Amino acid sequence: MIRVVLVDDQALVRGGFRALLDAEDDIEVVAEAADGMAGLATIGEHVPDVALVDIRLPGLDGIAATRRVATDARLSGVHVVMLTNYGFDEYVFDALRAGASGFLVKDIEPVDLLHSVRVAARGDALLSPGITRRLMETFAARPPSGRHPAALDGLTPREREVVALVARGMSNDELAGHMVISPATAKTHVSRAMTKLGARDRAQLVVLAYESGLVVPGGGPS
């Protein structure tokens, strides 16, 4: 059973999402909250698999709430997915840096919402090819932060290649096809890279790859 917490100041959004999610045999909405502080407390109390959090909330905003979740060791298994009214919210980059696993537009199709919750619950990033392209454009417009975790030097050439491909939006199946390996082996390479780099999920791996300059927008691995 995938346990979900909804955090949004619009009761209609929460009600609609709850109705869709609770209708599934493998998903349960365990709690709701209407503002950032209440949402943070609710996530801490229920420790869900997935928290759907509005990027803009009264009081403590969604990004700040996500950052607190990401830095709380007790909540390491919680995958935060940001909710936005737009296809590419101006704050999405900051949300991913804060620890979000991805984001969804609120007018998402029901079948896509269900799929996204399941994807997030297993630790995969919610970064569509279109969103990945916009992220690359964002990174291309700014120089790398210069942040170079020492762990980057510990990656094998194969792992560096995997990180570069993940940063370009490839799924495990696509990695497997590109690298001519099994999906299970691709998943193992991704997991090892995440562990070495201290990334919570694939979204964090993408951000770190571009911020550190490991991957250059428009090119390949640096």
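For reference, positions follow the sequence shown, starting with 1. It should be emphasised that the depicted structure is a prediction, and the values quoted were computed from it without experimental measurement.
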Side chain to side chain contact (heavy atoms under 4.5 Å, CB included) between Arg3 and Val50, worked out = CA-CA 6 Å; Arg3 303 171 70 254; Val50 177; over 6 Å; no

Check the pair Ile181 / Arg158 against side chain to side chain contact (heavy atoms under 4.5 Å, CB included), numbers first and verdict last.
-> CA-CA 12 Å; Ile181 56 178; Arg158 197 66 156 168; 3.4 Å; yes

List the steps, then state whether side chain to side chain contact (heavy atoms under 4.5 Å, CB included) holds for Thr42 with Val7.
-> CA-CA 9 Å; Thr42 301; Val7 185; 5.8 Å; no

Start with the C-alpha gap between Asp9 and Arg14, add the side-chain angles, then the distance that decides, and say whether salt bridge (Lys or Arg N to Asp or Glu O under 4.0 Å) holds.
-> CA-CA 8 Å; Asp9 60 340; Arg14 297 198 311 273; over 6 Å; no

Run the numbers on Arg118 and Asp26 for salt bridge (Lys or Arg N to Asp or Glu O under 4.0 Å), then give the verdict.
-> CA-CA 9 Å; Arg118 293 181 177 114; Asp26 61 333; 2.8 Å; yes

List the steps and the verdict of side chain to side chain donor-acceptor pair (under 3.5 Å) for Ser182 and Thr185.
-> CA-CA 5 Å; Ser182 71; Thr185 300; 2.9 Å; yes

Would you check, one step at a time, whether the test side chain to side chain contact (heavy atoms under 4.5 Å, CB included) holds for Val117 with Ile2?
-> CA-CA 8 Å; Val117 167; Ile2 299 171; 4.0 Å; yes

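Taking each heavy atom of Ala70 and Gly99 in turn, the nearest pair found is CB-CA, 4.1 Å. In terms of heavy-atom proximity, Thr66 sits nearest to Ala95 at CG2-O, 4.5 Å. Contact detail for Asp61 and Ile55: the closest heavy-atom pair is CB-O, 4.2 Å. Between Ala38 and Ala33, the shortest heavy-atom contact is C-CB, 3.7 Å. Summarising the geometry of Met1 relative to Asp25, their closest heavy-atom pair is CE-O, 3.2 Å, with the distance given to 0.1 Å. Nearest approach of Ala193 to Val163, heavy atoms of both residues: CB-CG2, 3.7 Å.
Residues Ile43 and Pro48 form a side-chain contact, since some pair of their non-hydrogen atoms from C-beta on lies under 4.5 Å apart. At least one side-chain heavy atom of Leu113 sits under 4.5 Å from a side-chain heavy atom of Leu104. Contact annotation: the side chain of Val4 never approaches that of Val30 to less than 4.5 Å [non-hydrogen atoms, C-beta and beyond]. At a threshold of 4.5 Å between non-hydrogen side-chain atoms, the residues Val105 and Asn85 do not count as touching. When side chains are defined from C-beta on, Val53 does not count as touching Asp8, because their heavy atoms never get closer than 4.5 Å. No side-chain heavy atom of Thr84 sits under 4.5 Å from any side-chain heavy atom of Lys106.
Screening Val69, Val5, Ile63, Leu52 for a side-chain contact (heavy atoms from CB on, under 4.5 Å) involving Val80 leaves a single residue, Val69.
Remark: Phe17 CZ to Ile27 CD1 distance equals 12.0 Å, nearest 0.5 Å. Interatomic distance, CD of Glu109 versus CG of Leu20, reported as 10.5 Å (0.5 Å rounding). Put simply, CG on Asn172 and CG on Leu165 are 11.0 Å apart, with the number rounded to the nearest 0.5 Å. Expressed to the nearest 0.5 Å, how far CG of Leu6 lies from CG of Leu21 amounts to 6.5 Å. Here the straight-line distance linking atom CD of Glu174 with atom CE of Met179 works out to 13.5 Å at 0.5 Å rounding. The CE atom of Met194 sits 12.5 Å away from atom CD of Glu159, with the distance rounded to the nearest 0.5 Å.
Note on Arg56 versus Asp54: no salt bridge recorded, every NZ/NE/NH1/NH2 to OD/OE distance being 4.0 Å or above.
Within 6.0 Å of atom CZ in Arg192, 12 or fewer heavy atoms from other residues, nucleotides or ligands are found, so the atom counts as exposed in its surroundings. Residue-environment remark: NZ (Lys196) exceeds the threshold of 12 foreign heavy atoms within 6.0 Å.
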